[in-house]
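Just below is one structure, and these are the notes that go with it.
This chain uses plain numbering: 1 for the first residue, then up along the sequence. Remember, it's 1-based here, ligands and their atoms both numbered in the order they're listed.
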Amino acid sequence: MNTFHEGIQAMVETERDWNPSRPCPEAQVPRWDREFDVCIVGFGSAGGSAAIEAAEAGARVCVFEVASGAGGTSAMAGGDIYLGGGGGTPAQNENGFQDDTEDFFRYMMMAGGADADEARVRAYADGALGHYEWLRKIGVPYRTTYIPGKTMMPGTGDCLILSGNEFAWPYSDHAKPCPRGHLPEATGETGGFVLMDAIARRAKEIGVESSFDTKVRALIQSEDGRICGLIAVQNGETIYVRANGGVLLCAGGFVLNREMLEQYAPQVNHLSDDALSGGYDDGSGIQMGMGAGGQAIHMDELFTTFTFYPPESNVKGILVNEQGQRFINEDAYPGRVAHHCVRQLGSKIHLLVDEAIYTPPTELSRWELAAVGETWEEVEEELGFVSGTLVETIERFNAYASKGEDPLFHKSPDWLKPLIEPPFAAIAVTVGESFLPYFTLGGLRVTIDGEVLDGTGEAISGLYAAGRTACGLPRSAEDYSSGMSLGDCTFFGRRAGLHAATKAAG
Ligand SMILES: Cc1cc2nc3c(=O)[nH]c(=O)nc-3n(C[C@H](O)[C@H](O)[C@H](O)COP(=O)(O)OP(=O)(O)OC[C@H]3O[C@@H](n4cnc5c(N)ncnc54)[C@H](O)[C@@H]3O)c2cc1C
C-alpha cells in the first residue's frame with residue numbers, strides 16, 4: 001500500500017470516528033493533547049453554570065465552544081428566570097407576594113406537563129430561592145421592581161413579571177398564583193446578555209479554561225463503556241482531550257437541524273421558518289449523547305409562541321378556529337394559546353375584537369385584518385363562515401361575559417368584556433405565515449444531577465447533560481412558562497458540574 005493511499009484511508013477512518021452519533025473507542029485515540037477533570041461542551045447558560053460549580057469544587061475545567069465567545073442562545077434571550085417559593089424572592093416580597101414553596105411546586109408540576117419529573121421539580125422548588133442568591137452572588141443584577149399586567153420583555157430593567165399561566169385556568173385552581181419571572185437589570189432586551197456576561201466573568205475569575213472556535217465532534221469511550229474524553233476541531237486541527245471526571249453536554253437543542261426536526265417534531269412543517277436560536281442548535285450534543293447509548297425523550301415537544309401582547313387589550317378579544325368555535329381561555333400564557341392555535345383543524349385562526357379594544361396588528365406578528373363590519377353577521381359573511389357559527393359563538397360569549405363568566409373556557413373575569421361596540425373586526429392569525437417562533441424542549445434523559453441515562457435507566461458513566469441538550473424541567477410545550485428554560489439550564493447545569501467534579505475528585 002502506498003503512503004498516499006494510507007493517508008486517505010486514515011482520513012476516512014478519522015472522519016468516521018468523528019461522527020457525533022458514534023463515540024470513538026479509546027483504543028483508537030492516537031494521542032492525548034490535553035487533560036482536564038471536567039470537559040464541558042458549549043458555553044451557554046447551562047455550560048457556564050456547570051463550569052463555575054465544577055471549578056469551585058476544585059476541578060480543572062475546560063469549556064469547548066464552537067463560537068468565538070461565550071453566550072449561545074442564552075445570550076440572546078430575555079434573561080427571564082423562573083424563581084420563587086420559600087416565602088418569596090425580594091422582588092416578590094417587596095411587591096406584596098408571599099410565594100409558598102408548595103404553591104411553587106404544584107405550579108411547576110403542572111408546567112412540566114403529564115410527565116413532569118417530580119424529583120426534579122421538588123429539587124427546583126426547594127432550591128429556587130438559594131439559586132436566586134447564587135445568581136446575585138456571581139454578579140447578575142436584579143432590581144426588586146414589578147411590572148403588573150401582561151408583558152413579555154419590557155426592556156425597562158425592572159425585575160418581576162408574570163411569565164406563565166399562574167393566574168389562568170386550570171393552573172389557578174391548583175396553586176395560589178404569583179408572578180415568578182425574574183429579569184436582570186438590563187436596558188432593552190439584553191437580559192440574556194447580562195446573565196451570560198456575569199456567568200462568563202465569574203467562570204474566568206475562578207480559573208475555568210475556555211477553548212473558543214472549537215467544535216466538539218465526538219465523544220471518546222473506554223472499553224468498559226465510560227466516557228473518558230472528546231474529539232474536537234480547533235482552527236482546522238483535531239485535538240484529543242481526556243476528561244477524568246466526565247464530559248458535560250451543554251450544546252443547546254436541535255432547532256436548527258432540519259433532519260432531526262422532521263424526524264422528531266414534524267409539526268414544524270406547518271410553521272413558518274422562525275426558529276429561535278443563537279445559531280448553533282444543530283443537535284450535535286443530543287446526537288453525541290444518543291450515540292453513547294443515551295435515551296432522548298420528549299423530542300416532539302416544540303415550544304411555540306406568538307406575539308399576542310402587547311397590547312394586552314388583545315387578551316380581551318376571543319380566538320376562533322375555522323369552524324367559528326373558541327378553543328382556549330385567551331388569558332393563558334401566549335405559548336399555551338399558540339400551542340392550541342397550531343392544533344386546530346385548518347390553519348386560519350381569527351382574533352375577534354370590537355372598536356373598544358382594536359389595535360392594528362404589528363408588522364412583527366404578520367397578522368392581517370381579515371374582515372370589518374357594523375354587525376357580527378357582516379363579519380361572519382365576509383369571512384365566509386357557515387352561517388350562524390361565528391354569530392352563535394359571539395352571542396354566547398357576550399351573554400356570559402356581561403355577567404363576568406366564561407363557563408366554557410374559564411377566562412378570568414379580569415379579561416372578560418362583551419364584544420358589543422361596533423365596528424367589529426376579525427384579525428387573521430395564519431399558522432404557516434404568522435410569526436410563531438419555536439425552540440425544542442426534548443433532549444437526553446438525565447438524573448437530577450445530569451447523568452445521562454440509557455434505555456434501561458442506567459447512568460452512562462462519565463456522561464452528563466444539561467440545558468436544552470437534556471430534557472429537564474420544561475418538557476411540555478403546552479404548559480411551558482417563560483423563565484423555565486434558563487432556570488433549568490443554570491440550576492441543573494450547576495448540579496451536573498458539581499457531580500462531575502465530585503466524581504473526578506473521587
Ligand atoms: C429570543 C429568545 C428569547 C428567549 N428568552 C428566554 C427567557 O427569557 N427565559 C428563558 O428561560 N428562556 C428563554 N429563551 C430560551 C433559552 O434562551 C434557551 O432555551 C437557553 O438559552 C438554552 O441554553 P443552553 O445553555 O442549553 O444552550 P445555549 O445557550 O445555546 O448554549 C449552547 C452552546 O453550545 C455551543 N455548541 C453547540 N454545539 C457545539 C459543539 N458541537 N461543540 C462546541 N460547542 C457547541 C453553542 O455555540 C452554544 O454557545 C429564549 C430564546 C430566544 C431565542
Side-chain angles (χ1 to χ4, degrees), residues 18 20 39-51 62-83 111 151-155 161 163-164 180-184 186 189-196 199-200 210-219 230-234 241 247-257 274-289 303 305 335 437-441 443-444 465-474 480-493 496:
W18 283 347
C39 289
I40 298 176
V41 184
F43 207 146
S45 57
S49 303
C62 185
V63 190
F64 297 86
E65 167 56 53
V66 64
S68 301
T73 303
S74 304
M76 277 181 61
D80 178 14
I81 296 194
Y82 202 84
L83 297 165
T151 182
M152 288 306 286
M153 292 187 194
I161 56 166
S163 67
R180 301 194 180 100
H182 286 70
L183 292 161
E189 294 177 6
T190 57
F193 176 82
V194 168
L195 171 73
M196 278 313 301
I199 289 176
S210 307
S211 180
F212 295 119
D213 300 305
T214 308
K215 168 113 182 158
V216 176
R217 300 292 298 267
L219 296 171
L230 55 82
I231 302 176
V233 176
Q234 187 182 33
V241 186
V247 175
L248 262 84
L249 300 170
C250 299
F254 62 97
V255 77
L256 297 182
N257 185 324
D274 289 307
L276 280 174
S277 170
Y280 293 98
D281 289 282
D282 64 359
S284 55
I286 297 173
Q287 286 173 335
M288 283 188 261
F303 168 71
T305 188
Y438 51 86
F439 64 88
T440 57
L441 298 181
L444 297 168
R468 296 292 55 80
T469 304
C471 183
L473 275 181
Y480 181 84
S481 295
S482 177
M484 277 177 77
S485 183
L486 290 175
D488 173 75
C489 291
T490 49
F491 186 85
F492 290 102

Subject >> Student check: side-chain heavy atoms of Thr305 and Pro437 closer than 4.5 Å >> reply: yes

**OP:** Below 4.0 angstrom from a heavy atom of Gly72, which ligand 1 atoms are there? Numbered from 1 as shown, please.
**Re:** 29 (O), 30 (O), 48 (C), 49 (O)

**OP:** Indicate the atoms forming the closest heavy-atom contact of Cys489 with Arg468, along with that distance.
**Re:** SG-NH1, 3.8 Å

Original post:
Which atoms of ligand 1 have any heavy atom of Tyr480 under 4.0 Å away?
Top reply: 10 (C), 11 (O), 12 (N)

**OP:** Could you say whether the N/O atoms of Thr469 and ligand 1 ever approach to under 3.5 Å?
**Re:** no

Subject >> Arg468 neighbourhood, listing ligand 1 atoms whose heavy-atom distance to it stays under 4.0 Å >> reply: 19 (O), 22 (C), 26 (O)

Original post:
Between Ser45 and Met196, is any pair of side-chain heavy atoms under 4.5 Å apart?
Top reply: yes

Subject >> Identity and separation of the nearest protein heavy atom to atom 14 (N) of ligand 1 >> reply: Ala77 CB, 3.9 Å

**OP:** Search all heavy atoms of Ser210 against all heavy atoms of Phe43 and return the closest pair with its distance.
**Re:** OG-CE1, 3.5 Å

**OP:** Find out whether Leu183 and Pro154 are in side-chain contact, i.e. whether some heavy atom of one side chain is under 4.5 Å from a heavy atom of the other.
**Re:** yes

Subject >> Residue and atom name of the nearest protein heavy atom (relative to atom 11 (O) of ligand 1), distance in Å to one decimal >> reply: Leu486 N, 2.7 Å

Original post:
How many angstroms lie between OH in Tyr82 and CE in Met484, if you round to the nearest 0.5 Å?
Top reply: 8.0 Å

Subject >> Cys489 N/O to ligand 1 N/O under 3.5 Å >> reply: no

Original post:
Evaluating non-hydrogen atoms only, which member of Ser49, Ser284, Gly472, Gly285 is closest to atom 41 (N) of ligand 1?
Top reply: Ser284

Subject >> Within-cut-off N or O pair, Met76 and ligand 1, under 3.5 Å >> reply: no

**OP:** Return yes when Phe303 approaches ligand 1 closer than 4.0 angstrom through a heavy atom, no otherwise.
**Re:** no

Original post:
Hey, is Leu183 touching ligand 1 through its side chain, its backbone, both or neither, going by heavy atoms under 4.0 Å?
Top reply: neither

Original post:
Is Gly79 near ligand 1, meaning one of its heavy atoms is under 4.0 Å from it?
Top reply: yes

**OP:** State if Ser45 counts as touching ligand 1 under the rule of any non-hydrogen atom under 4.0 Å.
**Re:** yes

Original post:
Asp80 heavy atoms, cut-off 4.0 Å: which ligand 1 atoms fall inside?
Top reply: 7 (C), 8 (O), 9 (N), 10 (C), 11 (O)

Original post:
How far apart are the closest heavy atoms of Ala466 and Gly493, and which atoms are they?
Top reply: CB-CA, 3.8 Å

Original post:
Should you measure from each heavy atom of Phe64, which atoms of ligand 1 turn up under 4.0 Å away?
Top reply: 43 (C), 44 (N)

Subject >> Shortest non-hydrogen contact between Val194 and Pro184, atoms and distance >> reply: CG1-CB, 4.0 Å

**OP:** Kindly give the heavy-atom pair with the smallest separation between Gln234 and Ser211, and that separation in Å.
**Re:** NE2-OG, 3.1 Å

**OP:** Compare all side-chain heavy atoms of Ser284 with those of Lys215 and state whether any distance is below 4.5 angstrom.
**Re:** yes

**OP:** Look at ligand 1 and say whether Met153 reaches it with a heavy atom at a distance under 4.0 Å.
**Re:** yes

Original post:
How far is atom 18 (C) of ligand 1 from its nearest protein heavy atom, and which residue and atom is that?
Top reply: Ser485 OG, 3.6 Å

**OP:** Please check if any side-chain donor atom of Asp281 sits under 3.5 Å from a side-chain acceptor atom of Thr440, or the reverse.
**Re:** no

Original post:
Ala67 to ligand 1: N or O pair under 3.5 Å?
Top reply: no

Original post:
Which is closest to atom 28 (P) of ligand 1 in terms of heavy atoms, Val255, Thr73, Leu249?
Top reply: Thr73

**OP:** Can you figure out which of Gly487, Cys250, Gly253, Ser277 has its heavy atom closest to atom 32 (C) of ligand 1?
**Re:** Cys250

**OP:** For the residue pair Val241 and Phe64, establish whether any side-chain heavy-atom pair is separated by less than 4.5 Å.
**Re:** yes

**OP:** Name the closest protein heavy atom to atom 21 (O) of ligand 1, giving the residue it belongs to and the distance to 0.1 Å.
**Re:** Ser74 OG, 2.8 Å

Original post:
Atoms of ligand 1 less than 4.0 Å from Gly483 heavy atoms?
Top reply: 9 (N), 10 (C), 11 (O)

Original post:
Can you tell me the protein heavy atom closest to atom 34 (O) of ligand 1 and the distance?
Top reply: Gly42 CA, 3.2 Å

Original post:
To which protein heavy atom is atom 37 (C) of ligand 1 closest, and what is the distance rounded to 0.1 Å?
Top reply: Ala251 O, 3.3 Å

Subject >> Close side-chain approach of Val41 to Thr469, heavy-atom, < 4.5 Å >> reply: no

Original post:
Is the shortest heavy-atom distance from the side chain of Val247 to the side chain of Met288 under 4.5 Å?
Top reply: no

**OP:** Please report the shortest heavy-atom distance between Ser481 and Gly164, naming the atom on each side.
**Re:** OG-CA, 3.5 Å

Original post:
Which of the atoms in ligand 1, numbered in the order shown and given with their element, are less than 4.0 Å from a heavy-atom of Gly252?
Top reply: 26 (O), 27 (O), 32 (C)

Original post:
What atoms of ligand 1 come within less than 4.0 Å of a heavy atom belonging to Ala46?
Top reply: 25 (O)

Subject >> Protein heavy-atom partner closest to atom 47 (O) of ligand 1 - residue, atom, separation in Å >> reply: Glu65 OE2, 2.6 Å

Subject >> Side chains of Leu486 and Asp80 in contact at under 4.5 Å (non-hydrogen atoms) >> reply: no

Subject >> Protein contact of atom 5 (N) of ligand 1 - nearest heavy atom, named by residue and atom, plus distance >> reply: Gly78 N, 3.1 Å

**OP:** Compute the minimum heavy-atom distance from Asp488 to ligand 1 and say whether it is under 4.0 Å.
**Re:** no

Original post:
Would you call the rings of Tyr480 and Phe439 parallel, tilted or perpendicular if under 30° counts as parallel and over 60° as perpendicular?
Top reply: perpendicular

